[in-house]
There are 2 protein chains.
Amino acid sequence: MTLDFYKKNKKILLAVDCIIFGFNKEELEILLIQRDFEPEKGKWSLMGGFVEENESPGDAAQRVLKSLTGLDHIYMEQFAVFGNPNREPMEHVVSLCYFALINTEILSTDYKARWFKLDKCPPLIFDHNEMVHEAHNKLKKKAALYPILFELLSDKFTIPQITLLYEAVYQNQLDKRNFTRKLLGSKLLIKLDEKDKENSKKGAYYYKVDKSVYKEKIITFLNFLPGWYEE
Amino acid sequence: MTLDFYKKNKKILLAVDCIIFGFNKEELEILLIQRDFEPEKGKWSLMGGFVEENESPGDAAQRVLKSLTGLDHIYMEQFAVFGNPNREPMEHVVSLCYFALINTEILSTDYKARWFKLDKCPPLIFDHNEMVHEAHNKLKKKAALYPILFELLSDKFTIPQITLLYEAVYQNQLDKRNFTRKLLGSKLLIKLDEKDKENSKKGAYYYKVDKSVYKEKIITFLNFLPGWYEE
DNA sequence: ACAAAAGTGTTGCTCATACACCCATGT
DNA sequence: ACATGGGTGTATGAGCAACACTTTTGT
């Protein structure tokens, strides 16, 4: 074999597709776009794009995320590959799937995308519904061990808000009292002086994430949800 | 945009690289090949190949694994993407990384590959050393929650053998007494009548995996190694 | 008899769950 | 005053780490 080894026609289309999660204070949502080109024009779809010659797939995914949300440095993780030769009708496209977590509030809304509640997701093109389902599963597994869900919240937040977030992600009731204790025990939160008085009479203190601890914990097991099993 | 959208020259080379783990009764090993073509001819490398037009990346990885080991239906998992534009000198190649677990004993040895102890891995081409390192990390995380390491053992095995395996993977001493209890408590093992008398005077009973429980547990958390933290 | 490895019993501790209860405040 | 949601205290039990101890058998 020679250098021609590389020249044979083995190149294929490589795409990235992004499952963008957001949290609207009550439910987990994903950001979808309406396709404005064929095939499947007009149908809802994940945001995606092709990996260019001179970028890495991770860069491609960040580029796609930025083009849709205007945001940089989004938390993002590659979690699956969809590559059946017939998954798209026109040609064999291998897709690298990324899930991303963004704080909805920062998002400027002049882009032609719409938030959908995860459990009211419309039919999507190709195998995108399956991707969404796998992304949610992966998110649940990851977030049970790593405190990544804070990426979905603003800089300051209350403990009831975090609890609602976990309940939305796991579609499960939590004992708010015990969960509060676990959160505080994690040493991940810094209590602020301010209180949120909108959602209760007593008011709930705002907290922020201790970034130094977070950086540590995000690469270490934490196990926020013991006793939670997948599927 | 039209169908020409797909026609633009966005195709790139997509490869799969396989980190093949084996266990020689004492240490964790990986299977490497000596490259017989340029570039980097003669240097050690992971086994890899390009994804063809009409196959999925998973199929490509199984094809690569079979071509090197002669084995079908190998346990395998995609765990990373390496795709920096300059990771290979000739051209941009995006590589999907799979780790695989095989039982060394089944392996016919007439293939031009060699087992290396994980901690005595030679310098490899490109970013392959980094891939091996990430594969090992991923294996540790996964195996702490799922009983996948049995894929590395023969159909029957003793508890001391499993313990050695876990010690090799985590490069850590285990309390054999407590670990024994945990293994038996998992209900994953079926005790056989036969004993292995070669490694001790008393002899250790052989066990086999209860496949029905295994199928269940392999998709559910088990937490074989609580208190083990990554890195 | 003794060494050496397999495997069991027991204890103390941590931590998750369950739930009673107090706290702060708007109406 | 009382309803409402925020938050703390405390008892129970499961499971893990530590380690003493028994079991089996080749020499």
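Each chain gets a letter, A, B and so on, in the order its sequence line appears, and its residues count up from 1.
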Discussion item. Looking at B:Lys187 and B:Asp210, is there a salt bridge between them, counting it only when a charged N and a carboxylate O are closer than 4.0 Å?
Written reply: no
Worksheet entry | Atom pair distance, as rounded to whole Å: CG in A:Asn172 and P in C:dT17 | 11 Å
Discussion item. Whether A:Glu29 and A:Arg114 form a salt bridge (side-chain N of Lys/Arg under 4.0 Å from carboxylate O of Asp/Glu) is what I want to check.
Written reply: no
Item to complete: Whole angstrom is fine here: how far is it from CD1 in B:Ile162 over to C1' in C:dA5?
Response: 16 Å
Discussion item. Side chain of A:Lys182, heavy atoms from C-beta onward: which of C:dA16, D:dA20, C:dA6 has the nearest atom to it?
Written reply: C:dA16
Item to complete: Send over the distance from A:Leu183 CG to D:dT8 P, rounded to a whole Å.
Response: 12 Å
Worksheet item: Is there a donor and acceptor pair, one atom on the side chain of B:Lys202 and one on the base of C:dA6, closer than 3.5 Å?
Response: yes
Fill in: Spacing between A:Asn199 atom CG and D:dT4 atom C1', to the nearest angstrom
12 Å
Worksheet item: Do B:Tyr206 and B:Phe157 have ring centres separated by under 6.0 Å?
Response: no
Between the protein and nucleotides 10-13 of chain D, which nitrogen or oxygen pairs are less than 3.5 angstrom apart?
{"from": "D:dT10", "atom 1": "O4", "to": "A:Arg181", "atom 2": "NH2", "distance (Å)": "3.4"}

Worksheet item: Looking at the rings of A:Phe179 and A:Tyr166, which for Trp means the six-membered one, are their centres under 6.0 Å apart?
Response: yes
Worksheet item: Separation of A:Phe179 atom CZ from C:dA18 atom P, in whole Å?
Response: 15 Å
Worksheet item: Using 4.0 Å as the upper bound for N to carboxylate O, is an ion pair formed by B:Lys117 and B:Asp119?
Response: no
Fill in: Length of the line joining B:Lys197:NZ and D:dT27:P, which is rounded to integer Å
10 Å
Worksheet entry | Sugar-phosphate, base or nothing in reach of B:Gly203, heavy atoms under 4.0 Å | sugar-phosphate
Response to the item:
When the rotation axes relating C1' atoms of four end pairs to the next four are compared across the helix from C:dA1-D:dT27 to C:dT27-D:dA1, five pairs an end, they differ to 10° by 20°
Worksheet item: For B:Lys176, which contact category applies under a 4.0 Å heavy-atom criterion: base, sugar-phosphate, or nothing?
Response: nothing
Practice prompt. Select one nucleotide: of C:dT8, D:dT23, C:dC21, the one nearest the side-chain heavy atoms of A:Arg177.
Written response: C:dC21
Discussion item. Output the rounded distance in Å from CG (A:Asp175) to P (D:dG5).
Written reply: 16 Å
Worksheet item: Can A:Lys142 be said to sit on top of A:Tyr146's aromatic six-ring, NZ or CZ under 6.0 Å from centre and within 45° of the ring axis?
Response: yes
Fill in: Per B:Lys201 side chain, nearest of listed nucleotides C:dG7, D:dG26, C:dA16
D:dG26
Worksheet entry | Note, B:Glu134 side chain near B:Phe99 side chain (heavy atom, < 4.5 Å) | no
Discussion item. Taking B:Glu194 first and then B:Lys208, would you say they form a salt bridge - that is, a charged N and a carboxylate O separated by under 4.0 Å?
Written reply: no
Worksheet item: Looking at the side chain of B:Lys195, which of D:dT25, C:dA6, C:dG26 is the nearest nucleotide?
Response: D:dT25
Fill in: Between P of C:dG7 and CG of B:Leu189, the distance in whole Å
11 Å
Practice prompt. Determine, for A:Tyr205 and A:Lys195, whether the Lys NZ or Arg CZ falls below 6.0 Å from the six-membered ring centre while staying within 45 degrees of the axis.
Written response: yes
